[in-house]
Amino acid sequence: MTDKTRKDWEALAEKELKSSPENLVWHTPEGIEVKPLYTRDDLEGIDPLDTLPGFEPFLRGPRATMYVGRPWTIRQYAGFSTAEASNAFYRKALAAGQQGVSVAFDLATHRGYDSDHPRVEGDVGKAGVAIDSVEDMKILFDGIPLDKISVSMTMNGAVIPILANFIVAGEEQGVSRDKLSGTIQNDILKEFMVRNTYIYPPEPSMRIVADIIEYTAKEMPKFNSISISGYHMQEAGATLVQELAFTLADGREYVRAALAKGLNVDDFAGRLSFFFAIGMNFFMEAAKLRAARQLWTRIMKEFEPKKASSLMLRTHCQTSGVSLAEQGPYNNIIRTAFEAMSAVLGGTQSLHTNSFDEAIALPTEFSARIARNTQLILQHETGVTKVVDPLAGSYYVESLTNELAEKAWALIEEVEALGGMTKAVNAGLPKRLIEEAATRRQAAVDRGDEVIVGVNKYRLENEEPIDILEIDNSAVRAAQIKRIEETKRRRDSQDVKEALGVLAEVARSGKGNLIAAAVEAARARATVGEISDAMRQAFGDHAAVPEVVTDIYGKAYEGDPELGVLAGRLGEVTKRLGHKPKIMVAKLGQDGHDRGAKVIASAFGDIGFDVVAGPLFQTPEEAAELALAEEVTVVGVSSLAAGHKTLMPQLAQALKKRGGEDIIVVCGGVIPRQDYQYLMDNGVSAVFGPGTHVLDAARAVLDLIEGKRRNV
């Protein structure tokens with residue numbers, strides 16, 4: 001394109017749009033400048049550009065024919081309270097076209113607790129399936145041939161007992177471990193960054209990762225030893241550059257850990273897999289997957305593998321949970337369809353599509369069927385499987401791919417300068433950057449700079465309620481406890497004691513393989529909690545110190561009259577009270593998803609509240625004690641894992657028992673509207689559902705404080 005041609009276009013654009021073309025430039029949250037027009041000139045200097053799928057650097061896909069030869073695998077990530085209920089769901093889904101099983105575990109299991117542990121009363125069977133022993137695992141896969149169906153398990157903290165139980169369940173189904181196929185997530189570094197379902201400190205946790213890579217490389221050739229996950233980073237608020245960079249930097253760290261065990265890179269690299277989120281920036285998400293393959297090849301070349309397959313990045317993708325909205329929930333079906341198409345155009349190897357009701361509760365069979373059919377329609381009706389990498393050569397997509405790769409590589413190098421990802425995580429760099437990005441995005445949504453249809457624009461005055469799935473937590477826990485007791489009654493207690501002793505010694509000494517020892521313990525019917533505790537003896541527990549970013553939300557509203565009015569009102573309340581209103585932002589139970597809690601703590605602090613950030617995994621009694629010790633005015637609980645109907649009343653009662661009945665209790669998060677009245681009847685003064693404007697929440701809290709004071 002000549003300079004004259006470009007100037008002619010700019011003149012025409014200015015005439016049509018009544019503004020300078022320069023004013024049409026959009027800056028993404030990643031800092032990427034997106035122009036209104038891309039031409040061949042934008043591809044100058046991009047290398048490599050002319051590549052083929054199936055060949056290094058795999059920009060266009062890891063396989064030569066991609067979906068023309070074989071479509072992506074359709075998965076649905078699911079776990080429903082009990083092994084029996086989950087098994088029934090999996091069998092129906094497989095019969096309806098699903099091609100692999102992806103297991104969601106409850107939070108008690110994630111954190112290595114048996115269902116009878118007092119700390120998990122509100123968590124058992126919530127947000128996933130409860131697994132306490134091999135007996136549960138056998139029921140979970142009853143009638144599902146493990147030599148034919150691949151199984152993906154999202155597990156990190158309690159990865160050793162869960163993988164051990166899976167191996168033994170396979171054996172007892174008649175499937176030896178070398179025939180098992182699937183993936184265990186086993187990605188502990190991202191847990192320390194965002195998801196927080198860790199158990200042990202970083203160093204022993206990295207040993208667990210390496211032991212699993214070693215064991216599966218030798219014993220389970222069809223099984224992926226790790227799924228290096230960026231998904232939870234994006235869900236926690238990471239930009240696409242951060243998700244891409246930190247995920248690949250994690251992968252580099254895991255490769256180094258495996259090499260330190262004495263493994264040959266070609267013995268395990270081909271069984272590493274990745275897991276990315278796919279949000280609503282359609283073209284950039286597709287470009288992200290293309291850039292990821294290119295960068296992973298660059299990273300793996302450092303380790304001088306001999307096999308081409310060791311350079312390939314293979315990935316599973318899941319549509320975004322954060323993009324789902326409570327308001328106008330049927331809009332979520334449309335969002336998920338666009339995100340699924342983006343993942344496919346980016347070249348994913350397997351895909352989970354979220355159900356439209358997941359911003360409110362666990363998916364129903366009705367909503368899960370729509371989500372599954374979204375993929376079936378993509379595969380069979382749209383023609384996307386007929387051509388390999390159909391976006392290749394697009395001026396825009398190739399430019400985005402290149403720019404994402406460059407920005408991600410710069411961040412990867414920043415991590416390297418700190419000594420690698422483990423040291424970067426210990427220094428808090430990824431967590432801080434992601435929390436800043438999350439707070440910045442919340443401000444953009446609240447201000448309306450980022451439009452979400454049905455939430456901050458085109459919102460309905462009245463929302464029609466939808467049917468939701470509700471889990472009877474107490475009934476599930478009672479059934480699990482009964483099975484634990486039966487398992488313990490029937491097992492040989494001496495065999496269990498000896499197997500757990502061997503596991504504890506392997507953990508303490510550093511000699512031997514943890515998963516090999518755990519398989520023996522699981523075979524003897526040691527429980528998930530007992531296996532986890534045997535390693536706790538040697539490794540200890542990890543406890544994160546909560547930190548809150550500042551001057552992000554407030555800066556976005558700088559000079560805004562709405563914030564000025566609220567700040568003025570807060571000042572008046574402060575004068576009347578004699579001190580700033582103090583709010584404690586709490587997380588109860590084993591729910592480690594703290595994006596909402598951190599955003600609220602950060603924003604309320606910028607608005608002018610005195611904020612106490614409570615630690616993760618508190619019991620209601622511990623939260624009540626901290627609230628009283630800190631002399632807070634309000635306790636705000638963030639709930640994303642459906643434990644609110646158990647934990648919130650317990651918190652209110654714990655405060656009352658300790659003389660803190662004047663402390664206002666509010667909660668927010670993924671809470672169905674049908675539950676609001678129950679919570680209000682049990683000590684909660686206000687409920688803030690998904691999509692609540694932060695300034696609206698702050699005004700409501702001030703209303704409660706002033707009302708409470710008038711009633712005293």
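The structure presented is a predicted model; accordingly, all values stated were derived computationally and were not measured.
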Minimum heavy-atom distance [X]-[Y], with the two atoms named:
| X | Y | answer |
| --- | --- | --- |
| V585 | A597 | CG1-O, 3.5 Å |
| F141 | V101 | CE2-CG1, 4.2 Å |
| A438 | A236 | CB-O, 3.3 Å |
| I370 | F356 | CD1-CE2, 4.0 Å |
| M341 | V384 | SD-CG1, 3.6 Å |

Ignoring hydrogens and angles, tell me if any N or O in the side chain of [X] forms a donor-acceptor pair with the backbone of [Y] under 3.5 Å.
| X | Y | value |
| --- | --- | --- |
| N332 | A325 | yes |
| D446 | V694 | yes |
| K431 | M193 | yes |
| N456 | I452 | yes |
| S638 | K587 | no |
| R293 | F58 | yes |
| E358 | P363 | no |
| T692 | G689 | yes |
| Q349 | G347 | yes |
| Q327 | P690 | yes |

Pair [X]-[Y], side-chain donor/acceptor within less than 3.5 Å:
| X | Y | result |
| --- | --- | --- |
| T239 | E30 | no |
| N186 | Y254 | no |
| S150 | R75 | yes |
| S367 | D357 | yes |
| T197 | E191 | yes |
| S323 | E339 | yes |

More than 12 non-hydrogen atoms from neighbouring residues, nucleotides or ligands closer than 6.0 Å to [atom1] on [X], yes or no?
| X | atom1 | value |
| --- | --- | --- |
| F366 | CZ | no |
| R70 | CZ | no |
| R447 | CZ | yes |
| K92 | NZ | no |

Check ion pair [X]-[Y] (N to O, under 4.0 angstrom):
| X | Y | answer |
| --- | --- | --- |
| R432 | E436 | yes |
| D123 | R111 | no |
| E235 | R195 | no |
| E243 | K288 | yes |
| D389 | R290 | yes |

**OP:** Name the orientation class of the two ring planes belonging to F192 and Y198 (parallel below 30°, tilted from 30 to 60°, perpendicular beyond 60°).
**Re:**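 Ring orientation of F192 relative to Y198: parallel.
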
Original post:
For the residue pair F275 and H316, does the interplanar ring angle fall in the parallel (under 30°), tilted (30 to 60°) or perpendicular (over 60°) class?
Top reply: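 Correct class here is tilted.
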
How many angstroms lie between [atom1] in [X] and [atom2] in [Y], if you round to the nearest 0.5 Å?
| X | Y | atom1 | atom2 | value |
| --- | --- | --- | --- | --- |
| F274 | I226 | CZ | CD1 | 8.5 Å |
| S350 | Q318 | OG | CD | 10.0 Å |
| T319 | R335 | OG1 | CZ | 12.0 Å |
| K190 | T247 | NZ | OG1 | 9.5 Å |
| I144 | L94 | CD1 | CG | 5.5 Å |

**OP:** Check the pair L679, C667 against side-chain contact (heavy atoms from CB on, under 4.5 Å), reporting the backbone distance first and the verdict last.
**Re:** CA-CA 9 Å; L679 295 175; C667 66; 3.9 Å; yes

**OP:** Taking the side chain as every heavy atom from C-beta outward, state whether V120 and L107 have any pair of such atoms under 4.5 Å apart.
**Re:**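 With C-beta onward as the side chain, the pair stays apart.
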
Original post:
So, do I149 and Y90 sit near enough that their side-chain heavy atoms are less than 4.5 Å apart?
Top reply: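 A side-chain contact under 4.5 Å is absent here.
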
**OP:** Please lay out, stage by stage, how V194 and R595 fare under the test side-chain contact (heavy atoms from CB on, under 4.5 Å).
**Re:** CA-CA 8 Å; V194 292; R595 170 184 177 152; over 6 Å; no

Subject >> Centroid separation Y395 to Y38 less than 6.0 Å >> reply: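 No.
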
**OP:** May I have the step-by-step check of side-chain contact (heavy atoms from CB on, under 4.5 Å) for Q242 and M233, ending in yes or no?
**Re:** CA-CA 8 Å; Q242 290 167 351; M233 297 180 202; over 6 Å; no

**OP:** Take K407 and L244, measure what side-chain contact (heavy atoms from CB on, under 4.5 Å) needs, and give me the verdict at the end.
**Re:** CA-CA 9 Å; K407 286 186 177 295; L244 184 55; over 6 Å; no

**OP:** Quick one: do E285 and Q234 satisfy side chain to side chain donor-acceptor pair (under 3.5 Å)? Show the steps, please.
**Re:** CA-CA 11 Å; E285 290 287 7; Q234 188 181 135; 3.2 Å; yes

**OP:** List the steps, then state whether side chain to side chain donor-acceptor pair (under 3.5 Å) holds for S399 with N402.
**Re:** CA-CA 5 Å; S399 297; N402 183 65; over 6 Å; no

